[in-house]
Chemist: 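Input: one structure, supplied below.
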Amino acid sequence: MKPWGGRFTEKTKDIVDKFNASISFDKKLFYEDITGSIAHCKMLEKQQIITHQECEKIIEGLQIILEEIKSGNFQFREDLEDIHMNIESRLIELIGEDGGKLHTSRSRNDQVALDIRLYVKKNTFHAAELLLTLIDKFNQKAVMTQDALMPGFTHLQQAQPILLAHHLLAYSEMFKRDFRRFITLFENLNECPLGAGALAGTTFPIDRNYSANLLGFAKPTSNSLDTVADRDFIVEFISHSSIFMTHLSKLSEELILWSTSQFNFVELSDQFSTGSSIMPQKKNPDIPELLRGKSGRVFGNLISILTILKSLPLAYNKDLQEDKEPLFDTVETIINSIIITTDMIDELKFNFDTLKYWSGKNFSTATEIADYLAAKGVPFRTAHRITGEIVRMCIDHSKQLSDLTLEELHNFSPKFDSDIFTFITPESAVNRRNSYGGTSKESVLFQIENNNHFIKSNISKLKTLKGDIICSNI
Ligand code: ARG
């Protein structure tokens, strides 16, 4: 008989058992479920709702089950629906009827809300830890390439020369924002659902602060109806993950373009590329392509969870069982994506000569000419027009800006002196962009320094938060 079977006279159909069951995926929550049960059991004992002996027996049973699951010796049963009833039923099998006391003053509704919250908390922390290594990797690459020039783009058209390190550090900024979002989510997940019951609380004299504390939460949640219905933290996790995946997808797109023979800016390591089954010469950027593609599944997961939640009446509804697969898929996708990206960036080789060559091509320093004239009192709009005419002339005569003579420049403005030629080198264009956050070497070194500080202070922050991940007091 099912644990809830008392009021039923007919058996559920096989197809209903299958459709209703979540055990095939929610078995992932076994550790959170058992930990939550141990905390609940300790609270029941402290409040004299169960005896000391009963508490010991239950915890011993739960620990045996934990070992059985970890070692692959646990028989998961679909007819027992989910992880909660699989564990409870095995507990009763192991220690007898007293096992049934564990569920006193608890419902699967607050139980699952707790399990999933602990799971999100653990993985939010893990994502933040890994993001910090990714930020560090980009920062290290920026240190290693700090003098390298490259062309900067807007509209994917060559715009102005920049430092390669500046480009890499743009990604550090994106990942720092991702990191902060995950840490804020972690810090906001500090309320414990346990004790909300099915929807309305319980008649037993429970101590919710005690179980919250055992599980590493700052306090219990405030409203039992909201508690069993709230999955905002899943939306936040998947939303933060989606934003992060847009960053990875942009990075991947650049690596795919940059590794073409047309760009030839980078070479991906063989470890992150594959060949073609028909064209022997091919080396394909499959891993960045997959990272770019995987953003699609994470965005899909976000739409799933939002749609599941949007018209649910209070309080618990079985629709909420559908929250898990999008979440689990997102966790797996982003954790693997961060690890693989960190490794791929570590192995990435830049073609510095090509990058430097293109940094000075395509009139990339035309802005310097306009700025030069503007600094000599020519209104910027006029300076811009004059420079445009110079560029037009160069295009017509197949010349680069650096090929021009002073006489030729004087045809456009008498303000030009011979020092103009030192202004229009890519090096000078870069180093004169010394505004805060600009691409000059000085500014780049300042960004690197700030990132070092960010990484260091957040390593210690993570150390202090680690105790809160899960059940520090159990
Ligand atoms: N497997 C269920 C879920 O994931 C557990 C809660 C079931 N509660 C209920 N009242 N049927 O949401």
Side-chain angles (χ1 to χ4, degrees), residues 1-8 10-13 15-37 39-40 62 65 69 74-92 100 102-123 189 192-202 221 223-235 237-238 301 304-332:
M1 190 169 61
K2 305 254 200 263
W4 42 255
R7 60 97 69 213
F8 289 79
E10 280 185 286
K11 234 178 94 8
T12 41
K13 291 193 168 201
I15 189 166
V16 170
D17 275 346
K18 260 197 180 354
F19 196 71
N20 195 32
S22 52
I23 189 63
S24 64
F25 49 87
D26 70 13
K27 60 183 172 201
K28 225 186 193 60
L29 297 173
F30 74 89
Y31 182 73
E32 286 73 19
D33 197 71
I34 289 175
T35 311
S37 287
H40 182 63
L62 288 169
I65 296 171
I69 300 179
F74 188 91
Q75 277 299 322
F76 290 105
R77 280 172 46 192
E78 198 168 67
D79 59 318
L80 288 172
E81 285 184 34
D82 55 26
I83 186 65
H84 325 295
M85 295 206 296
N86 266 273
I87 289 176
E88 185 183 322
S89 147
R90 177 71 182 134
L91 182 67
I92 294 170
L102 173 61
H103 213 53
T104 315
S105 79
R106 186 174 72 169
S107 152
R108 271 188 299 157
N109 297 352
D110 58 344
Q111 191 176 356
V112 73
L114 170 68
D115 292 5
I116 201 89
R117 204 177 256 250
L118 288 173
Y119 176 85
V120 170
K121 215 174 159 190
K122 176 173 81 182
N123 284 292
L189 280 170
C192 182
L194 204 55
L199 75 162
T202 175
T221 51
N223 177 298
S224 61
L225 292 174
D226 175 53
T227 303
V228 294
D230 174 26
R231 297 293 185 273
D232 290 1
F233 54 95
I234 298 185
V235 178
F237 184 90
I238 305 181
N301 291 336
S304 298
I305 186 69
L306 289 169
T307 314
I308 291 160
L309 296 179
K310 83 172 177 57
S311 34
L312 293 186
L314 285 171
Y316 178 84
N317 299 271
K318 192 65 174 261
D319 315 43
L320 290 174
Q321 183 164 286
E322 290 292 309
D323 63 357
K324 291 173 198 62
E325 286 166 293
L327 172 67
F328 295 161
D329 184 71
T330 302
V331 166
E332 190 175 323

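Counting convention: from 1, in listed order, for ligands and their atoms alike. Quick caveat: nothing in here was measured; it's all calculated off a predicted structure. Throughout, residue positions are numbered sequentially from 1 according to the sequence presented.
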Chemist: For atom 1 (N) of ligand 1, which protein heavy atom lies nearest, and how many Å away is it?
Modeler: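 Ranking protein heavy atoms by distance from atom 1 (N) of ligand 1, first comes Q321 OE1, 2.7 Å.
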Chemist: Identify, for atom 7 (C) of ligand 1, the protein heavy atom at the shortest distance, and state residue, atom and that distance.
Modeler: Y316 OH, 3.5 Å
Chemist: Please tell me whether D17 and T12 have a donor and an acceptor in their side chains that are separated by less than 3.5 angstrom.
Modeler: yes
Chemist: Below 3.5 angstrom, do we get any N/O pair linking N109 and ligand 1?
Modeler: yes
Chemist: Sort out for me which residue in D33, D110, D230 forms a salt bridge (Lys or Arg N to Asp or Glu O under 4.0 Å) with R117.
Modeler: D230
Chemist: Check whether NZ of the Lys or CZ of the Arg K324 lies under 6.0 Å from the centre of the six-membered ring of F25 and within 45 degrees of that ring's axis.
Modeler: no
Chemist: Do T202 and S105 get their side chains close enough for a donor-acceptor pair, meaning under 3.5 Å?
Modeler: no
Chemist: Which heavy-atom pair separates A229 from L314 by the least distance, and what is that distance?
Modeler: CB-CD2, 3.8 Å
Chemist: Going by an N to O cut-off under 4.0 Å, is there a salt bridge joining R106 and E88?
Modeler: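 Looking at E88 together with R106, the answer is no, because their closest N to O distance does not fall below 4.0 Å.
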Chemist: Check ligand 1 against S22 and write out every atom of the ligand that is under 4.0 Å from a heavy-atom position of the residue.
Modeler: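 By the 4.0 Å cutoff, the relevant atoms are 1 (N).
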Chemist: Identify, for atom 5 (C) of ligand 1, the protein heavy atom at the shortest distance, and state residue, atom and that distance.
Modeler: D82 OD2, 3.4 Å
Chemist: Starting from atom 4 (O) of ligand 1, locate the nearest protein heavy atom and write down its residue, its atom name and how far away it is, to 0.1 Å.
Modeler: K324 NZ, 2.6 Å
Chemist: Students should be able to answer this: which protein heavy-atom is nearest to atom 11 (N) of ligand 1, and at what distance?
Modeler: R108 NH2, 3.5 Å
